[in-house]
**Student:** 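Okay, handing you the structure first.
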Amino acid sequence: MLKKFYKITILPFTVFLLYLMFFGMGRTQYEDHVIRVEPLFATLGFIENTISWFEIIKIVVGNVVMFMPFGFLGWVFPRLQGLRENILFFISAIVIVEALQYFTRLGIFEVDDIILNTFGVFLGWQIKRMLEIKFTKFVVE
């Protein structure tokens, strides 16, 4: 039951997420190409310079939580059942998306985003594994 629901919703969710990454939340095209490659410094700087806890949670936690569903990709693509395969596939895909943000100037290529998004996939994969072990009846096709 849960696998069927996932298979139906992952494509629309992915399209929605791509919309947010390129056009959502008042995003406009940057004047210059922007790239941030120093891991964690951009995120720590953002946290230090942001007054609103809501903004910090929305951006930092959102970059993790919104990507957790991709930890379940093994339900759609059996080759991605293992953690290593899933993570490697996701890193390849998210680097392409980040590069597209850079080249279109509709976002910033940030290593921090890749790290946070990948951590979200890792957490999602762990949840998938737990569901498959503890709630087998609800996970089955």
Side-chain angles (χ1 to χ4, degrees), residues 1-30 32-141:
M1 166 102 169
L2 199 54
K3 281 185 182 182
K4 281 184 183 180
F5 176 77
Y6 179 80
K7 288 177 180 181
I8 292 168
T9 59
I10 191 61
L11 182 60
F13 176 77
T14 302
V15 170
F16 172 70
L17 195 57
L18 286 169
Y19 168 79
L20 288 179
M21 292 175 77
F22 287 93
F23 306 108
M25 298 182 289
R27 194 178 298 262
T28 58
Q29 196 170 34
Y30 288 91
D32 296 316
H33 297 283
V34 182
I35 185 167
R36 294 188 184 135
V37 292
E38 293 181 342
L40 303 176
F41 288 108
T43 300
L44 293 174
F46 170 75
I47 291 170
E48 279 181 1
N49 296 317
T50 302
I51 297 171
S52 167
W53 277 101
F54 177 74
E55 285 298 313
I56 293 170
I57 291 169
K58 182 174 87 173
I59 300 298
V60 177
V61 175
N63 266 318
V64 174
V65 172
M66 291 296 284
F67 288 86
M68 288 171 67
F70 296 104
F72 293 73
L73 282 175
W75 286 354
V76 178
F77 305 104
R79 288 182 146 183
L80 302 178
Q81 198 64 271
L83 177 61
R84 181 176 181 264
E85 294 82 5
N86 194 317
I87 293 289
L88 289 175
F89 172 80
F90 179 79
I91 289 173
S92 301
I94 199 65
V95 166
I96 291 169
V97 170
E98 290 287 327
L100 286 171
Q101 284 185 318
Y102 172 80
F103 289 119
T104 62
R105 294 187 327 235
L106 289 170
I108 300 170
F109 184 103
E110 287 191 80
V111 171
D112 285 7
D113 284 352
I114 295 169
I115 293 168
L116 292 170
N117 300 164
T118 303
F119 182 64
V121 172
F122 170 76
L123 291 177
W125 189 88
Q126 294 292 346
I127 292 168
K128 175 186 81 79
R129 198 170 120 220
M130 182 198 70
L131 289 171
E132 290 172 342
I133 292 168
K134 298 208 182 232
F135 302 102
T136 310
K137 290 180 184 178
F138 296 107
V139 173
V140 184
E141 302 272 342

**Student:** Identify each donor-acceptor pair in which a side-chain atom of residues 88-103 lies under 3.5 Å from a protein atom, sequence neighbours left out, and give them as a table.
**Tutor:**
residue, atom, partner, partner atom, Å
Ser92, OG, Leu88, O, 3.0
Glu98, OE1, Glu110, N, 3.1
Gln101, NE2, Met21, O, 2.6

**Student:** Taking only distance into account, with no hydrogens and no angle test, what donor-acceptor pairs under 3.5 Å do side-chain atoms of residues 56-64 form with protein atoms, sequence neighbours excluded?
**Tutor:**
residue, atom, partner, partner atom, Å
Lys58, NZ, Glu55, OE2, 3.4
Asn63, OD1, Asn117, ND2, 3.3
Asn63, ND2, Ile59, O, 3.1
Asn63, ND2, Asp113, OD1, 3.3

**Student:** Check Asn86 against Gly74 and note the closest heavy-atom contact, atom names and distance.
**Tutor:** ND2-N, 4.2 Å
**Student:** For the residue pair Asp112 and Arg36, establish whether any side-chain heavy-atom pair is separated by less than 4.5 Å.
**Tutor:**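 When only atoms from C-beta onward are counted, Arg36 and Asp112 do not touch, as no gap falls below 4.5 Å.
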**Student:** Could you pull out every donor-acceptor pair under 3.5 Å between side chains of residues 118-127 and any protein atom, sequence neighbours left out?
**Tutor:**
residue, atom, partner, partner atom, Å
Thr118, OG1, Ile114, O, 2.7
Trp125, NE1, Gln81, O, 2.9
Gln126, OE1, Arg129, NH1, 3.2

**Student:** Looking at every heavy atom in both Val34 and Tyr30, which two are closest together, and how far apart are they?
**Tutor:** CG2-CD2, 4.4 Å
**Student:** More than 12 heavy atoms of other residues, nucleotides or ligands under 6.0 Å from CZ of Phe13: yes or no?
**Tutor:**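 Enclosed.
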**Student:** Phe72 and Leu2: side chain to side chain contact (heavy atoms under 4.5 Å, CB included), yes or no, with the steps?
**Tutor:** CA-CA 11 Å; Phe72 293 73; Leu2 199 54; 5.7 Å; no
**Student:** NZ of Lys3 to NZ of Lys128: how many Å apart, nearest 0.5 Å?
**Tutor:** 7.5 Å
**Student:** State which residues pass side chain to side chain contact (heavy atoms under 4.5 Å, CB included) with Glu48; sequence neighbours excluded, sorted by chain then number.
**Tutor:** none
**Student:** Has the side chain of Tyr6 got a donor or acceptor atom that lies under 3.5 Å from a matching backbone atom of Val76?
**Tutor:**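 No.
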**Student:** Heavy atoms, side chains only, cut-off 4.5 Å: are Phe16 and Met66 in contact?
**Tutor:** yes
**Student:** What pairs with Thr14 under side chain to side chain contact (heavy atoms under 4.5 Å, CB included), at least two apart in sequence or on another chain?
**Tutor:** Ile10, Leu18, Phe70
**Student:** Applying side chain to side chain contact (heavy atoms under 4.5 Å, CB included) to Trp75 and Glu132, what does each step give before you reach the verdict?
**Tutor:** CA-CA 10 Å; Trp75 286 354; Glu132 290 172 342; 2.6 Å; yes
